[in-house]
Amino acid sequence: MKIGIVGLGYVGLPLAVAFAEAGQEVTGLDLDPAKVAALNGGRSYIEDVPDSALAPLGERLRASADYADLSACEAVVVCVPTPLTSSREPDLAYLLDSAAALAAVLRPGQLVVLESTTYPGTTREQLTPILERSGLTVGEDLFVAFSPERIDPGRTDYTIRTTPKLVGGMTPACTARARELYELVCDEVVVVSTPEAAELSKLLENVFRSVNIAFVNELAQLCDRLGIDVWEVIDAAATKPFGFMRFDPGPGMGGHCLPIDPFYLAFKAREHDFYPEFIELAGKVNQAQPAFCVERVERVLNQAAKPVKGSKILLLGASYKAGSGDTRESPALVILRLLAALEADVSYHDPFVPELPELGLASVDLEEALAATDLAAIVTAHPGIDYAGVVATAPRTLDFRGVTRGIEADNLERL
Ligand SMILES: NC(=O)c1ccc[n+]([C@@H]2O[C@H](COP(=O)([O-])OP(=O)(O)OC[C@H]3O[C@@H](n4cnc5c(N)ncnc54)[C@H](O)[C@@H]3O)[C@@H](O)[C@H]2O)c1
């Protein structure tokens with residue numbers, strides 16, 4: 001099959017590689033010329049896709065910035081960003097732009113699948129009318145479906161092949177076409193009755209995580225008041241083999257999905273005079289967590305009779321999750337900004353994030369920085385860092401990720 005993938009980011013590139021590895025001819029479409037040039041030169045820019053995975057694909061994966069190159073494809077999968085506007089409402093601009101560009105090159109018989117996370121109704125109410133400007137009719141000579149991406153960057157135990165894939169088409173024929181497409185790369189394709197059911201299933205998965213993370217973040221704040229170790233409590237509860245699912249507290253929620261996607265559902269709900277309180281409350285608690293971490297920094301320094309102003313504070317980790325260089329919505333950035341506003345002398349070490357131009361910072365050498373700092377705060381639990389060594393070297397360590405569990409030291413505090 002000839003398959004087009006629009007948007008070669010964290011979602012689109014691994015999917016393009018999966019189809020090419022399965023023997024299909026893939027055209028990857030991205031407006032970013034640097035990404036197109038990198039891929040055509042055999043270089044990946046996504047941690048989960050090593051350069052060595054691109055080399056054997058040869059001509060089966062070509063990148064382009066020209067939508068006309070998609071007209072030869074039997075199926076086109078859209079994986080463009082769906083962020084929020086500054087007023088925290090859905091920003092469908094990337095999606096609408098790519099739909100308009102696609103409508104200009106569509107041919108009869110093509111399948112278009114949307115994978116970008118969005119509110120229920122987007123495929124039917126936003127995408128389809130734009131695609132039909134091509135003169136084609138959905139269900140007759142154009143096939144449209146929604147299939148949410150379930151990728152979890154950095155995860156290796158579940159892959160595109162072994163993670164069940166949901167599809168919901170605009171008509172039964174659309175669903176059948178989408179199912180055939182994903183059966184090329186997924187062991188199990190799960191059909192739902194409509195695009196709306198598939199769109200909402202994805203949001204349920206993300207809201208479920210957001211609400212539970214907020215719950216344990218709030219529990220961490222309560223444990224701080226009660227003087228109880230939240231990690232010990234969670235470790236203990238997690239020994240129950242049924243009826244409990246583990247979530248860990250942390251410095252706040254980051255990434256392109258969890259801090260954003262629930263607000264897509266809240267927006268849709270408000271259009272129907274419905275106020276989904278769990279979503280709003282979870283967002284509020286999770287957004288407040290970086291400020292709570294800064295308060296903990298203030299308290300630790302206070303015990304040493306040091307003001308935040310002028311103190312050297314080293315953050316370990318700038319990305320939002322371990323093993324990734326993705327800094328989108330990262331709570332580390334919020335913590336760095338809050339501490340800088342208090343005139344702390346902030347620095348960070350992150351092997352995956354060489355620099356943070358928006359903050360005018362570059363990752364510092366860990367050994368040197370630990371020796372010179374007043375406080376080291378573990379914000380991202382990157383692998384390959386000797387956390388016992390951090391505690392042994394830094395005068396004070398504050399661990400927001402629980403990676404120092406098992407270490408007892410007077411100069412160590414945990415969330
Ligand atoms: N990152 C994740 O872990 C993850 C997981 C599940 C779902 N999603 C969802 O998948 C979608 C894509 O996320 P991502 O993380 O891959 O984003 P990304 O920013 O990494 O990649 C998106 C790509 O789309 C390109 N692009 C933007 N507008 C375009 C246009 N009009 N035409 C062609 N290309 C265009 C950008 O240049 C970029 O390379 C979002 O809706 C996101 O919510 C992401």
Side-chain angles (χ1 to χ4, degrees), residues 4-18 27-39 43-49 63-70 73 76-84 90-105 112-120 122-123 126-127 130-131 146-156 158-160 163-166 198-199 201-210 253-265 267 319-330:
I5 306 285
V6 179
L8 297 171
Y10 286 89
V11 168
L13 182 57
L15 189 65
V17 169
T27 301
L29 194 292
D30 204 291
L31 297 186
D32 182 345
K35 287 184 177 166
V36 171
L39 291 177
R43 295 182 310 279
S44 172
Y45 41 83
I46 300 277
E47 287 107 358
D48 287 351
V49 178
S64 165
D66 183 359
Y67 271 80
D69 289 340
L70 297 175
C73 296
V76 176
V77 182
V78 178
C79 312
V80 295
T82 44
L84 295 175
D91 178 1
L92 294 184
Y94 299 98
L95 174 54
L96 303 183
D97 285 354
S98 88
L102 204 47
V105 300
V112 177
V113 184
L114 177 60
E115 288 215 6
S116 304
T117 308
T118 184
Y119 58 77
T122 308
T123 306
Q126 303 285 342
L127 178 65
I130 296 177
L131 296 180
F146 184 81
S147 178
E149 180 49 59
R150 286 171 156 172
I151 201 163
D152 181 10
R155 182 176 281 278
T156 50
Y158 286 97
T159 61
I160 289 176
T163 306
K165 190 89 171 99
L166 298 182
E199 289 162 334
S201 301
K202 171 69 186 179
L203 291 178
L204 168 62
E205 292 165 18
N206 284 357
V207 172
F208 174 80
R209 286 183 55 72
S210 167
M253 226 168 44
H256 183 38
C257 298
L258 297 191
I260 290 173
D261 300 345
F263 291 99
Y264 268 70
L265 186 53
F267 163 84
S319 63
Y320 83 93
K321 76 185 287 188
S324 162
D326 191 349
T327 58
R328 290 177 295 181
E329 307 281 326
S330 174

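Ligands are counted one by one from 1 in listed order, and the atoms in each one are counted from 1 as well. The residues of the chain are indexed from 1 along the displayed sequence.
- Annotation: Tyr10 places an N or O atom under 3.5 Å from an N or O atom of ligand 1; distance criterion only.
- Here is the list of ligand 1 atoms found below 4.0 Å of a heavy atom in Lys35: 38 (C), 39 (O).
- Scanning Glu115, Lys321, Lys202 for the heavy atom closest to atom 6 (C) of ligand 1 points to Lys202.
- Closest non-hydrogen pair, Leu114 versus Thr118, comes out as CD2-CG2, 4.2 Å.
- The shortest contact between atom 21 (O) of ligand 1 and any protein heavy atom is with Gly9 CA, 3.2 Å.
- Among protein heavy atoms, the minimum distance from atom 43 (O) of ligand 1 is reached at Thr117 OG1, 3.4 Å.
- Contact analysis puts Arg328 in contact with ligand 1, with a non-hydrogen atom separation below 4.0 angstrom.
- The shortest side-chain heavy-atom distance between Tyr67 and Ser98 falls under the 4.5 Å cut-off.
- Residues Leu84 and Phe267 form no side-chain contact, since every pair of their non-hydrogen atoms from C-beta on lies 4.5 Å or further apart.
- Ranking the protein heavy atoms by distance from atom 12 (C) of ligand 1 puts Cys79 O, 3.4 Å first.
- Heavy-atom proximity to Pro153, at under 4.0 Å, picks out these atoms of ligand 1: 3 (O).
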Requested in this report: Go through the steps to decide whether Asp152 and Lys321 satisfy the test salt bridge (charged side-chain N to carboxylate O under 4.0 Å, His left out), and finish with yes or no.
Outcome: CA-CA 11 Å; Asp152 181 10; Lys321 76 185 287 188; 2.5 Å; yes
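- Close contacts of ligand 1 with Cys257, meaning ligand atoms under 4.0 Å from a residue heavy atom, involve 2 (C), 4 (C), 5 (C), 6 (C), 8 (N), 44 (C).
- Taking the side chain as every heavy atom from C-beta outward, Leu8 and Cys79 never approach each other to under 4.5 Å.
- Atoms of ligand 1 lying under 4.0 Å from any heavy atom of Ser116, numbered from 1 in the order shown and given with element: 11 (C), 41 (O).
- Looking at atom 25 (C) of ligand 1, its nearest protein heavy atom turns out to be Asp30 OD2, 3.3 Å.
- Looking only at heavy atoms of the protein, atom 29 (C) of ligand 1 is closest to Val80 CG1, 3.7 Å.
- Contact between Thr122 and Glu199 at its shortest, heavy atoms only, is N-OE2, 3.5 Å.
- Note: Leu95 CG to Ile130 CD1 = 7.0 Å, rounded to the nearest 0.5 Å.
- Residue contact check: Pro81 has heavy atoms under 4.0 Å from atoms 19 (O), 22 (C), 24 (O), 27 (C) of ligand 1.
- In this structure, the separation between CG on Leu127 and CG on Leu102 is 8.0 Å, given to the nearest 0.5 Å.
- Counting atoms of ligand 1 from 1 in the listed order, those under 4.0 Å from a heavy atom of Thr82 are 40 (C), 41 (O), 43 (O).
- At least one N/O-N/O distance between Val11 and ligand 1 falls below 3.5 Å.
- The CD atom of Gln126 sits 5.5 Å away from atom CG of Leu92, with the distance rounded to the nearest 0.5 Å.
- Contact of the Thr82 side chain with the Tyr264 side chain is registered, since non-hydrogen atoms from C-beta on lie closer than 4.5 Å.
- Side-chain contact between Pro164 and Arg150 is present, with at least one heavy-atom pair separated by less than 4.5 Å.
- The closest protein non-hydrogen atom to atom 13 (O) of ligand 1 is His256 CD2, 3.5 Å.
- Protein heavy atom in closest approach to atom 28 (N) of ligand 1: Tyr94 CD2, 3.4 Å.
- Distances below 4.0 Å separate heavy atoms of Val6 from the following atoms of ligand 1: 32 (N), 33 (C).
- Given atom 24 (O) of ligand 1, the protein heavy atom at minimum distance is Gly7 CA, 3.3 Å.
- Partners of Asp91 according to the salt bridge (Lys or Arg N to Asp or Glu O under 4.0 Å) rule, which considers only residues two or more places apart in sequence or in another chain, do not exist here.
- At under 3.5 Å, not a single nitrogen or oxygen of Glu149, backbone or side chain, sits near a nitrogen or oxygen of ligand 1.
- The part of Tyr67 lying near ligand 1 is the side chain, judged by heavy-atom distances below 4.0 Å.
- Checking only distances, Asp97 never comes within under 3.5 Å of ligand 1, N or O to N or O.
- Atom NE2 in His256 sits 7.0 Å away from atom OG1 in Thr117 (nearest 0.5 Å).
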